[in-house]
Amino acid sequence: MSLEIVTIPCLADNYAFLLHDQASKETAVIDAPDAAPIRATLDSRGWTLSHILLTHHHWDHIDGADELRSAYGAKICGAAADAHRLPQLDCALTEGDFVTVGGEKGTIMDVPGHTIGHIAFYFPGSRAVFTADSLMVLGCGRLFEGTPRQMWASLCKLAALPPETRVYSGHEYTEANARFALTIEPDNAALLKRYETIQDMRRSGQPTIPSTLAEELATNPFLRSSEPQVKAAVGMDGAPDVEVFAEIRRRKDNF
Ligand code: ZN
Ligand code: FE
């Protein structure tokens, strides 16, 4: 039985996600940008919270964590490497560790780049990966702490998951990401089609998250840094993948 996943818009453009196991009634939240909308969603469904799973230390992902812990007695789990700058952790996680929500196991993946201690939560039974500000829908996080090499390695690790995996990233940046992607690959048919769909979804106020890894592999310019046509498009025929990735990231920073 896979987890029920509920998307909660928070702050200006953040998302938190509830993971609910119907059999055990256990519920976890991925990131805690703001306690109020998360509490409202839990309360409206009559759910309580067992775990607060934090992806990285930025305030817009952790600010509501302490309030949620005291309101529900939930445990806060986050990267051991960032324990000094996360809320007090009840479980400190490293690559390959597991968290469990009801009957389902989520694996911890180290995905540094946006920050050094950034982790992702992969739930194979629900075909879902929670990537926050590492791999984003049609984009990737800005490199605040890590190097292009680190982020490229993180993206490659995520790209190796099964293509049907749903990608839940931390922000609604998709429309701007799509406009940028089109500057790199203006003739990518899958991207052009996706841009239409994204505009429709945003016009009707729907989240564009999740996407699937297969969609990202076909349209996300950062994930496509290894594709010959993308290298050619940025004038870097035959260059190493990581250098092409660094160039695309640089262009996005100035977009
Ligand atoms: Zn961040
Ligand atoms: Fe963020």
Side-chain angles (χ1 to χ4, degrees), residues 5-17 29-34 37-38 54-64 111-115 118-121 128-146 148 150-152 154-155 158-159 165-186 188 190-225 230 234 245-255:
I5 299 172
V6 182
T7 300
I8 308 173
C10 294
L11 306 174
D13 55 31
N14 280 77
Y15 288 119
F17 304 100
V29 67
I30 303 280
D31 280 341
D34 182 7
I38 297 169
L54 301 176
T55 59
H56 68 293
H57 75 89
H58 285 156
W59 71 271
D60 62 317
H61 298 259
I62 66 172
D63 249 23
V111 288
H114 178 69
T115 64
H118 198 304
I119 56 175
F121 297 88
V129 65
F130 297 87
T131 56
D133 300 356
S134 58
L135 173 61
M136 305 185 85
V137 174
L138 278 176
C140 77
R142 204 177 266 265
L143 301 180
F144 285 116
E145 297 177 8
Q150 284 173 314
M151 182 61 104
W152 177 242
S154 297
L155 295 183
L158 292 164
T165 305
R166 293 173 294 170
V167 179
Y168 289 85
S169 54
H171 290 268
E172 184 58 62
Y173 292 162
T174 310
E175 204 168 349
N177 286 348
R179 281 197 297 275
F180 172 73
L182 283 166
T183 68
I184 306 288
E185 289 193 284
N188 178 329
L191 177 60
L192 286 161
K193 186 155 173 262
R194 206 173 165 198
Y195 184 45
E196 297 287 314
T197 311
I198 287 162
Q199 286 176 302
D200 287 345
M201 291 174 96
R202 293 312 295 153
R203 249 181 251 123
S204 59
Q206 288 175 66
T208 59
I209 283 149
S211 62
T212 64
L213 196 52
E215 287 179 290
E216 295 305 319
L217 289 166
T219 54
N220 182 320
F222 298 99
L223 269 194
R224 293 170 57 74
S225 300
V230 170
V234 296
F245 168 73
E247 170 62 19
I248 296 174
R249 189 58 255 179
R250 237 182 332 265
R251 290 187 187 195
K252 178 66 163 59
D253 290 345
N254 300 312
F255 180 65

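Computation of the quantities below employed the complete heavy-atom set of this structure, encompassing side-chain atoms and omitting hydrogens, waters and symmetry-equivalent molecules.
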CD-OG1 distance between Q150 and T115, expressed to the nearest 0.5 angstrom
10.0 Å

Is the closest side-chain heavy-atom distance between C10 and I8 below 4.5 Å?
yes

Taking the side chain from S211 and the backbone from V137, do they hold a donor-acceptor pair closer than 3.5 Å?
no

Looking at side-chain heavy atoms only, is the closest gap between V111 and T131 below 4.5 Å?
no

Within the 4.5 Å heavy-atom criterion, are L191 and L182 side-chain neighbours or not?
yes

Return the minimal non-hydrogen interatomic distance between A159 and L213, and the atom names on each side.
O-CD2, 3.7 Å

Between F130 and F17, is the ring centre distance below 6.0 Å?
yes

How long is the span from the OH atom in Y168 to the CG atom in L135, to the nearest 0.5 Å?
14.0 Å

Rounding to 0.5 Å, atoms CG (L11) and NE2 (H171) come to a distance of 9.0 Å

Any donor-acceptor pair under 3.5 Å linking the side chain of R249 with the backbone of P148?
no

Test item: side-chain donor near acceptor, H56 and D31, under 3.5 Å
no

Nearest 0.5 angstrom please: D60 CG to N14 CG, how far?
4.5 Å

Side chains of C140 and S134 in contact at under 4.5 Å (non-hydrogen atoms):
no

Answer yes or no: is there a side-chain heavy-atom contact under 4.5 Å between I248 and V234?
yes

For G139, is there any backbone N or O sitting under 3.5 Å from a side-chain donor or acceptor partner on N220?
yes

Restricting to pairs with a member in residues 194-212, which pass salt bridge (Lys or Arg N to Asp or Glu O under 4.0 Å), not counting sequence neighbours?
E172-R202, R194-E215, R194-E216, D200-R203

Under 3.5 Å: donor-acceptor pair, side chain of T212, backbone of T165:
no

With a 4.5 Å cut-off on side-chain heavy atoms, are F121 and T55 touching?
yes

Can a side-chain donor-acceptor contact be found between H114 and H58 if the only test is distance below 3.5 angstrom?
yes

Looking at P210 and R166, what are the two nearest heavy atoms and their distance?
CB-CB, 4.0 Å

Can you list everything that forms a side chain to side chain donor-acceptor pair (under 3.5 Å) with N188? Sequence neighbours excluded, please.
E185

Nearest heavy-atom neighbours spanning T219 and A190:
CG2-C, 3.6 Å

Smallest separation among heavy atoms of P221 and A181, with atom names:
CD-CB, 3.6 Å

Any non-hydrogen side-chain atom of F222 less than 4.5 Å from a side-chain atom of K252?
yes

Non-hydrogen atoms of M151 and F245 that approach each other most closely
CG-CZ, 3.4 Å

Evaluate the side-chain proximity of D133 to S169: yes if any heavy-atom separation is below 4.5 Å, no if none is.
no

Who passes side chain to side chain donor-acceptor pair (under 3.5 Å) against R142, sequence neighbours left out?
none

For T208 against Y15, the heavy-atom pair lying closest together
N-OH, 4.3 Å

Might you work through the ring pair (Phe, Tyr, Trp, His ring centres under 6.0 Å) test for H118 and H61, ending with a clear yes or no?
CA-CA 11 Å; H118 198 304; H61 298 259; 7.4 Å; no

